[in-house]
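The structure under discussion appears below in the form of structure tokens.
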Amino acid sequence: MSLKPLSPQEASQLVHQGALLIDIRAADEHARVRIAAARHVGMERLSGAAPLDAAAGVIFHCQSGNRTRANAQALRACVSGQAYVLEGGLDAWKRAGLPVVTDASQPIPLQRQVQIVAGALVLSGAVLGAFVSPWFHVLSGAVGAGLVFAGVSGFCGMARLLMRMPWNRAATDGRAGHAG
């Protein structure tokens, strides 16, 4: 049995009837923008957790629906009753005009920070390599190699470095002990 897809409107109705809405995104994503009724239980915390149950069912969501669909089998295993997926995730919820809580004081999600920094470094290396010295192309190559290594190994040095930046440390320290 898999997760039954729900439109944002159907999900909203079911939440009002007592369904449990679970946000499986990373904590930094949830802290910045979230559905008020959603409980944050990151995907990594769901494995081996006690079964989730609510009389009206359990609805899982992520940002776009891709992570939820990719993990549908594992998510279904976490629910003892009816299990659903918010089709299109938080993006579809917002497009439907349903309310979200936004905390602009939280830093943008770490993955987006990595994309911004990596993209800026690659672009800088390409532009400087074309107009200043071809040696600057090494910068683009090094960033590309780092991204390949991160994808293959699961270790991203740039993300580790960015986590230590003051804006990310303050957000992490402020959420210490935050369950949800």
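Computed from a predicted model, the values in this text were never measured in an experiment.
The two residues Pro8 and Ala96 come nearest to each other via the heavy atoms CB-CB, 3.9 Å. Between Trp93 and Pro99, the shortest heavy-atom distance links the atoms NE1-O, 2.9 Å. Ile59 and Leu86 get closest at one heavy-atom pair: CG2-N, 3.9 Å. In terms of heavy atoms, Leu110 sits closest to Asp28 at N-OD2, 2.6 Å. The two residues Leu147 and Ala118 come nearest to each other via the heavy atoms CD1-CB, 4.2 Å. When all heavy atoms of Ala19 and Ala56 are compared, the pair lying nearest together is N-CB, 3.4 Å.
A continuous path of ILVMFWY side-chain contacts below 4.5 Å connects Leu98 to Leu21, so both sit in one hydrophobic cluster. Cluster annotation: Met158 and Phe149 are assigned to distinct hydrophobic clusters (Ile/Leu/Val/Met/Phe/Trp/Tyr, side-chain heavy-atom contacts under 4.5 Å, transitive).
Chaining together hydrophobic side chains whose heavy atoms lie under 4.5 Å apart places Val132 alongside Leu128, Phe136.
Residues Arg76 and Val58 are not in side-chain contact: their nearest non-hydrogen atoms beyond the backbone lie 4.5 Å or more apart. The shortest distance between side-chain heavy atoms of Val41 and Ile24 does not fall below 4.5 Å. Side chains of Glu87 and Leu6 form no contact here, defined as non-hydrogen atoms less than 4.5 Å apart. In this structure the side chain of Arg25 never reaches within 4.5 angstrom of the side chain of Met43, judged on heavy atoms.
Here side chain to side chain donor-acceptor pair (under 3.5 Å) pairs that include residues 123-136, with residues two or more places apart or in two chains, number zero.
Expressed to the nearest 0.5 Å, how far CD of Gln63 lies from OG1 of Thr68 amounts to 10.0 Å. Of the inter-residue distances, the one linking Leu75 atom CG with Ser2 atom OG reads 11.5 Å to the nearest 0.5 angstrom. Rounding to the nearest 0.5 Å gives a distance of 10.0 Å between OG of Ser12 and CD of Gln17. Considering OH of Tyr84 and CG of Leu20, their distance stands at 12.5 Å, rounded to 0.5 Å. Separation of atoms CG (Leu46) and SG (Cys78) is listed at 4.5 Å; rounding is to 0.5 Å. For the atom pair CD1 (Ile116) and CG (Leu121), the distance works out to 12.0 Å, reported to the nearest 0.5 Å.
None of Val122, Val148, Leu123 except one satisfies the side chain to side chain contact (heavy atoms under 4.5 Å, CB included) rule with Val143; the exception is Val122.
Residue-environment remark: CD (Gln9) exceeds the threshold of 12 foreign heavy atoms within 6.0 Å.
In terms of modelled atom types and a separation under 3.5 Å, the side chain of Ser140 and the main chain of Ala126 share a donor-acceptor contact.
Between Glu10 and Lys4 there is no salt bridge, since no side-chain nitrogen of the basic residue lies less than 4.0 Å from a carboxylate oxygen of the acidic one.
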List the atom pairs, donor and acceptor, that lie under 3.5 Å between side-chain atoms in residues 31-38 and the rest of the protein, sequence neighbours left out.
unit_1, atom_1, unit_2, atom_2, d
Arg32, NH1, Ala104, O, 3.3
Arg32, NH1, Gln106, O, 2.4
Arg34, NH1, His30, O, 3.4
Arg34, NH1, Ala31, O, 3.0

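Judged purely by distance below 3.5 Å, without hydrogens or angles, the side chains of Asn168 and Gln113 pair a donor atom with an acceptor atom.
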